[in-house]
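One structure is given below, encoded as structure tokens.
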Amino acid sequence: MRFKSFPSILLFVVFGLCFAQVAYSATTPEALARQAISENSSESTTAIKGLREMGPAGLSALMEIYNDEIKRHTLNTNVQRDTSPEWLRLSAALDAVSQQRDSYASGLYWYTDFEQAKRAAAASGKPILSLRLLGNLNEEFSCANSRFFRTVLYANREVSDNLRERFILHWKSVRPAPRVTIDFGDGRKLERTLTGNSIHYILDTQGRVVDALPGLYGPKAFLRGLAQSEEVVKQYAGKTEAQQTEAFYRYHRTRVNQTAADWSTDVQRSGGRVPDTVLARVSARRQNPDALEIAPVAMTKMVVEVNILRAMTTDARELEAVMDEATWAKIAALHAADARLDERSIALIARQTPAAIVENASAKTPADAQLLERIVEKLERNMALDTVRNEYVLRNRIHAWLANRARNMTVDALNEKVYAELFLTPGNDPWLGLYSPDTYTALENGGLVN
């Protein structure tokens with residue numbers, strides 16, 4: 001009897017194995033990548049979720065399957081924004097898996113769960129690059145800086161390769177980005193986000209702050225800042241906690257010193273005059289770039305924190321006092337190469353450029369090469385200006401804070417300080433500085449709608 005039932009048992013086993021094989025093949029990265037752009041929304045949603053849960057490997061599978069189509073959009077400046085159903089499904093799938101808008105141009109996978117990012121960093125030995133922004137990175141209307149990051153940094157070939165290979169990427173929204181719609185009354189509308197800033201934090205594999213790059217940087221300057229921070233993380237390897245802490249403080253003290261020296265040099269190169277007191281301190285420190293004494297104030301345990309911080313930023317405050325718009329522009333011109341855009345960023349800009357708004361508002365032709373050149377030139381000039389200001393003023397203050405505060409200051413605590421004291425948009429201001437109760441607007445309730 002048992003022998004007679006063998007064919008039935010065998011058939012059941014074979015059927016089970018076949019079913020298991022089908023189930024397995026339907027959940028491989030390649031299979032999920034093809035299902036992710038299905039017209040069946042239920043099927044595509046499930047596939048996208050599966051790819052997202054696979055981490056960077058899921059995004060890689062999606063990009064490999066549709067490599068030819070992605071390349072066509074990434075490198076060709078003549079391709080206008082594609083609105084075909086197929087491309088819209090593909091780009092939406094890419095953005096959902098990566099959690100970054102226009103991710104087809106960057107190929108970067110971003111964690112949105114900090115604990116998952118730390119686990120990935122610990123497993124890979126890579127530092128974390130944690131972006132804090134207003135709005136969400138995977139939405140079009142995030143704050144202005146984060147939108148520029150997607151275009152001029154993440155889409156840049158050298159930057160994206162560097163981030164993909166050497167960092168674990170993470171982003172977190174600080175709060176929604178203020179958004180305004182201007183209705184011209186004739187069917188035309190203009191949508192923008194107002195105010196807001198973003199910052200990249202470089203964290204070690206345990207999620208502790210190493211450094212920060214506030215605001216927008218040109219691609220070359222951004223990579224240089226990342227390399228500086230990454231070197232600190234490398235110095236941690238095999239060191240005791242005390243040795244790591246000393247390396248951390250030494251790095252930030254040195255950066256404050258070096259910033260003063262670089263800034264002084266740039267002011268002189270641009271034809272400006274550096275205060276004699278700054279020149280004297282910079283000259284004295286050249287012999288010992290790691291010196292603790294950043295200004296003539298004794299760094300003893302008896303000196304209160306505010307005095308130490310004032311000492312650390314004395315050079316910066318004196319240099320800021322001699323700066324004006326013309327001097328900043330001249331210094332930015334010295335670093336124009338830091339803000340050069342590559343072909344992938346330019347291609348993305350070309351596709352985002354309105355086809356009908358240029359010198360002739362009624363024109364219905366695509367933006368021509370001459371317009372694109374003007375857009376790129378202006379963007380590079382403004383980005384170079386942002387870069388030097390962010391490096392010499394904002395980042396320098398962060399170096400001073402970190403050089404004088406406990407190393408275990410969390411990224412969330414530092415971020416609160418940055419937004420309140422550096423970006424001047426504290427979390428306790430619900431209007432982000434856009435509304436002042438002592439300013440009359442001739443509107444009911446001051447124009448506020450709760």
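The analysis underlying the following values was restricted to heavy atoms, covering all of them including side chains, and did not include hydrogens, waters or symmetry mates.
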Exercise. Verify the ring-centre separation between Trp171 and Tyr201: is it less than 6.0 angstrom?
Key: no
Exercise. Give me the one residue out of Ile202, Val418, Ile128, Val209 that meets side chain to side chain contact (heavy atoms under 4.5 Å, CB included) with Val411.
Key: Val209
Self-check item: Validation row: Gln206, Lys118 side chains within 4.5 angstrom (heavy atoms)
Solution: no
Exercise. Working to the nearest 0.5 Å, report the span between CZ of Arg89 and OH of Tyr66.
Key: 9.0 Å
Quiz item: Is the backbone N or O of Leu213 less than 3.5 Å from a side-chain atom of Asn390, with the two atoms forming a donor-acceptor pair by type?
Solution: no
Practice problem: Sort out for me which residue in His200, Gln228, Arg395 forms a side-chain hydrogen bond (donor to acceptor under 3.5 Å, both in side chains) with Asp211. | Solution: Arg395
Quiz item: Do the side chain of Ser270 and the main chain of Val267 share a donor and acceptor less than 3.5 angstrom apart?
Solution: yes
Quiz item: Less than 4.5 Å apart, any side-chain heavy atom of Met54 and any of Leu59?
Solution: no
Quiz item: Got a salt bridge between Asp161 and Arg164, using NZ or NE/NH1/NH2 to carboxylate O under 4.0 Å?
Solution: yes
Quiz item: With side chains defined as the heavy atoms from C-beta onward, is the minimum distance between Phe423 and Pro214 less than 4.5 Å?
Solution: yes
Quiz item: Can you tell me if Asp95 uses its side chain to pair, donor with acceptor, with the backbone of Gln99 under 3.5 Å?
Solution: no
Exercise. Quick one: closest heavy-atom pair of Glu421 and Leu424, and the distance?
Key: O-CD2, 3.7 Å
Practice problem: Verify, without hydrogens or angle tests, whether Lys126 (side chain) and Glu165 (backbone) share a donor-acceptor contact under 3.5 angstrom. | Solution: yes
Quiz item: Salt-bridged, Arg72 to Glu69, with N to O below 4.0 Å?
Solution: yes
Quiz item: With a 4.0 Å cut-off, would you call Glu246 and Arg250 a salt bridge?
Solution: yes
Exercise. In sequence, state the C-alpha distance, the side-chain angles, and the governing distance for Leu163 and Leu226, and then conclude on side chain to side chain contact (heavy atoms under 4.5 Å, CB included).
Key: CA-CA 9 Å; Leu163 294 182; Leu226 292 180; 3.7 Å; yes
Quiz item: Name the one of His252, Gln258, Arg253 that satisfies side-chain hydrogen bond (donor to acceptor under 3.5 Å, both in side chains) with His399?
Solution: His252
Exercise. For Tyr111, enumerate each residue passing the ring-ring contact (aromatic ring centres under 6.0 Å, His included) test, keeping only those at least two apart in sequence or located in another chain.
Key: Tyr109
Quiz item: Are Thr265 and Asp262 close enough that a side-chain donor and a side-chain acceptor fall under 3.5 Å?
Solution: no
Exercise. Using distance alone, with no hydrogens and no angle criterion, decide if Arg285 and Asn257 have a side-chain donor and acceptor under 3.5 Å apart.
Key: yes
Quiz item: Would a 4.5 Å heavy-atom cut-off, applied to side chains only, mark Trp263 and Glu320 as touching?
Solution: yes
Quiz item: Can you name the closest pair of heavy atoms from Ala155 and Leu348 and give their distance?
Solution: CB-CD2, 4.2 Å
Quiz item: Would you say the side-chain atoms of Thr387 pair up with the backbone N or O of Met383, donor to acceptor, closer than 3.5 Å?
Solution: yes
Self-check item: Working for side chain to side chain contact (heavy atoms under 4.5 Å, CB included), residues Gln352 and Thr151
Solution: CA-CA 10 Å; Gln352 292 176 331; Thr151 303; 3.7 Å; yes
Practice problem: Indicate yes or no: does Arg389 engage Asp386 in a salt bridge with an N to O separation below 4.0 Å. | Solution: no
Quiz item: Rounded to the nearest 0.5 Å, what separation is found between the CG atom of Leu385 and the CD atom of Glu380?
Solution: 14.0 Å
Quiz item: Considering all heavy atoms of both residues, which atom of Glu158 and which atom of Asn156 are nearest to each other, and what is their separation?
Solution: N-OD1, 3.0 Å
Exercise. Report the C-alpha separation of Asn197 and Thr425 in whole Å, then their side-chain angles, then the decisive distance to 0.1 Å, and conclude whether the side chain to side chain contact (heavy atoms under 4.5 Å, CB included) test is met.
Key: CA-CA 9 Å; Asn197 213 328; Thr425 52; 6.0 Å; no
Exercise. Any chance you could measure Ser42, atom OG, to Gln35, atom CD, to the nearest 0.5 Å?
Key: 10.5 Å
Quiz item: Shortest non-hydrogen contact from Met323 to Leu319?
Solution: CG-O, 3.1 Å
Quiz item: Counting distance only, does the side-chain N/O of Arg132 pair as donor-acceptor with the main-chain N or O of Lys172 below 3.5 Å?
Solution: no
Quiz item: How many angstroms lie between CG in Asp68 and NE2 in His73, if you round to the nearest 0.5 Å?
Solution: 12.5 Å
Quiz item: Do the side chain of Ser44 and the main chain of Ser41 share a donor and acceptor less than 3.5 angstrom apart?
Solution: yes
Quiz item: What distance do Ser264 atom OG and Asp315 atom CG have between them, rounded to the nearest 0.5 Å?
Solution: 6.5 Å
Quiz item: Do Glu86 and Ile37 come close enough that some side-chain heavy atom pair is under 4.5 Å?
Solution: no
Quiz item: Hey, does Asp338 have a side-chain heavy atom less than 4.5 Å from the side chain of Pro219?
Solution: no
Practice problem: Could you tell me whether Arg157 and Glu343 have a side-chain N and a carboxylate O separated by less than 4.0 Å? | Solution: yes
Quiz item: Taking all atoms of both residues into account, what is the closest heavy-atom pair of Ala61 and Ala33, and its distance?
Solution: O-CB, 4.0 Å
Self-check item: Tyr249 vs Asn404, side chain to side chain donor-acceptor pair (under 3.5 Å): CA-CA, chis, key distance, verdict
Solution: CA-CA 8 Å; Tyr249 287 134; Asn404 187 53; over 6 Å; no
Quiz item: Looking only at heavy atoms, what is the nearest atom pair of Ile168 and Ala117, with distance?
Solution: CG2-O, 3.7 Å
Quiz item: Mind checking whether Phe149 and Phe222 have side chains closer than 4.5 Å, heavy atoms only?
Solution: no
Quiz item: Is the distance between the ring centroids of His170 and Trp110 less than 6.0 Å?
Solution: no
Exercise. Begin with the C-alpha distance, continue with both residues' side-chain angles, and end with the deciding distance and a verdict on side chain to side chain contact (heavy atoms under 4.5 Å, CB included) for Met63 and Ile70.
Key: CA-CA 7 Å; Met63 297 201 72; Ile70 292 171; 3.9 Å; yes
Exercise. Without swapping roles, check the side chain of Lys234 against the backbone of Glu230 for a donor-acceptor pair under 3.5 Å.
Key: no
Quiz item: Side chains of Arg150 and Gln100: does their closest heavy-atom pair fall under 4.5 Å?
Solution: yes
Quiz item: Is Glu30 salt-bridged to Arg34, cutoff N-O under 4.0 Å?
Solution: no
Quiz prompt | Nearest-0.5 Å distance that lies between atom CD1 in Ile346 and atom CD1 in Ile375 | solution = 11.0 Å
Self-check item: Short side-chain donor-acceptor distance under 3.5 Å, Ser160 and Arg344
Solution: yes
Quiz item: Can you check whether Leu94's main-chain N or O pairs, donor with acceptor, with Ser103's side chain at less than 3.5 Å?
Solution: yes
Quiz prompt | Among Asp276, Val274, Thr277, the one residue meeting side chain to side chain contact (heavy atoms under 4.5 Å, CB included) with Glu318 | solution = Thr277
Quiz item: Hey, is the main chain of Glu139 close enough, under 3.5 Å, to the side chain of Asn136 for a donor-acceptor pair?
Solution: no
